[in-house]
Protein chains: 2
Amino acid sequence: MVTITPVSDATYDRSRCSVAGTLAVVGEKWSLLVMREAFLGVRRFADLQQALGAPKAVLTDRLATLVQEGLLSREPYREEGARQRHEYRLTAKGRDLYPTLVALMQWGDRYLADGPPPLALEHVDCGAPVHVALVCADGHEVPGPREVLARPGERR
Amino acid sequence: MVTITPVSDATYDRSRCSVAGTLAVVGEKWSLLVMREAFLGVRRFADLQQALGAPKAVLTDRLATLVQEGLLSREPYREEGARQRHEYRLTAKGRDLYPTLVALMQWGDRYLADGPPPLALEHVDCGAPVHVALVCADGHEVPGPREVLARPGERR
DNA sequence: CATGCTGAGTTCGCTTGACGAACCCCGAAA
DNA sequence: TTTCGGGGTTCGTCAAGCGAACTCAGCATG
């Protein structure tokens, strides 16, 4: 039989794949959209709720797990003549999800657009559009998966 | 009142954000993991099912919508003395999700690791590790969201 | 021919999660 | 003292995910 055996047959433990792990943290419904709003500067429960249209109970839950996972921090603040409240701010760990969000956005801009992209990203220093790219440590641009060799890391 | 108004108050239509649109296509449970397996070369229903451990009914559904959305194509093939079957192959549209998957993986490798990353990506030409980066069209590296100005596209 | 096997689904109950509406709690303002 | 509004919680309903069992086509074996 001449089956082309794919990359694995239990050669490495798929349960420990980082994509799955990341999705376990931010893969539930609304989580990534909450993060997007956070990158847009939205910090308050009511603003998030209005921007997203998610049910309050779900939003409460997602915020709690994002805080618990350390992507957002819950900080007290107070406004003129109002009682103390909390807002949700990006942590460094949360900020590192930015390329993921941009990658998702870029795909959508390319394939779902019925017009100009709803949101444009510019480099603040030079005004040029920002996008995600695959590069290797030697500085070569990597056009796609065909130029990439994926292999299991060393066992421990 | 000195509220810091965030990026929008109905200044642009959030329902047309590309992140949300992309997630509508690949945001359901298992979809992105199916895509990951596709990038690893897995093409057959049974192999996917075994690799992922997803219920067959869900997998059937996810494959159908991925085919319908044009990220995978369903191609007939036949093996020695077996009846004709189908396999699922990446299309160009599906292949363009690669940076997204790599970005998710990279975040997981950084924050969820209790050891070396389960999967290493190498540039096939030079063997150097591959990663995603934010760059602007003028070639500057963009370290993070702070160097990016997000603004709504033109209305139509 | 009858039988069995295998890959790819489908069907079926069950459990979990998402949903929207209603309700609650607190401190400030009136 | 009542009212108001942000930030939730609770509740009943409905959709989605789950594993196990069943189906169906067609090749292979007897």
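Residue numbering restarts at 1 for every chain, and letters A, B, ... go by the order of the sequence lines.
Atoms CD (B:Q49) and P (C:dG9) sit 11 Å apart, rounded to a whole Å. The CZ-P distance, from B:R43 to C:dA8, rounds to 14 Å in whole Å. Rounded to whole angstrom, the span from the CD atom of A:Q84 across to the P atom of D:dG7 amounts to 12 Å. Between the P atom of C:dG20 and the CG atom of A:L59 lies a distance of 13 Å, rounded to the nearest Å. In this structure, the CD atom of B:E87 is 10 Å from the P atom of C:dA8, given to the nearest Å. Atom CD in B:Q50 sits roughly 12 Å away from atom P in C:dA8 (whole-Å rounding).
Taking both residues in full, the closest heavy atoms of B:T91 and B:L72 are given as CG2-C, 3.8 Å, listed atom of the first, atom of the second, then distance. Of all non-hydrogen atoms in B:P152 and A:L119, the two that sit nearest each other are N-CD1, 3.9 Å.
Here A:R74 does not reach the OP1 or OP2 of D:dG7: none of its side-chain N or O atoms lies under 4.0 Å away. Between A:Y77 and the phosphate of D:dG6, there is no side-chain N or O to OP1/OP2 separation shorter than 4.0 Å.
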When you check every protein heavy atom under 4.0 Å of nucleotides 12-21 of chain D, what one-letter string (B, S, -) results, 5' to 3'?
-----SSS--
Are B:E87 and B:R85 close enough, and set up right, to give a salt bridge (Lys or Arg N to Asp or Glu O under 4.0 Å), and what steps lead you there?
CA-CA 7 Å; B:E87 58 183 13; B:R85 301 186 179 286; over 6 Å; no
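Here salt bridge (charged side-chain N to carboxylate O under 4.0 Å, His left out) pairs that include residues 120-147 of chain A, with residues two or more places apart or in two chains, are A:E122-B:R151. The side-chain hydrogen bond (donor to acceptor under 3.5 Å, both in side chains) contacts involving residues 55-68 of chain A comprise nothing, where partners must be two or more places apart or lie in separate chains.
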Please produce a list of atom pairs where a protein N or O lies less than 3.5 Å from an N or O of nucleotides 23-25 of chain D.
from: D:dA25; atom 1: N3; to: B:R83; atom 2: NH1; distance (Å): 3.1
from: D:dA25; atom 1: N3; to: B:R83; atom 2: NH2; distance (Å): 3.2

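Using a 4.5 Å heavy-atom cutoff, the side chains of A:Y111 and B:V25 are not in contact.
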Sequence neighbours excluded and cut-off under 3.5 Å, please list the side-chain donor-acceptor pairs for residues 102-110 of chain A, or say none.
from: A:Q106; atom 1: OE1; to: A:V132; atom 2: N; distance (Å): 2.9
from: A:W107; atom 1: NE1; to: B:K93; atom 2: O; distance (Å): 3.0
from: A:D109; atom 1: OD1; to: B:S18; atom 2: OG; distance (Å): 2.4
from: A:R110; atom 1: NH1; to: B:D96; atom 2: OD2; distance (Å): 3.3

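A search for side chain to side chain donor-acceptor pair (under 3.5 Å) contacts involving A:R95 returns nothing, not counting sequence neighbours.
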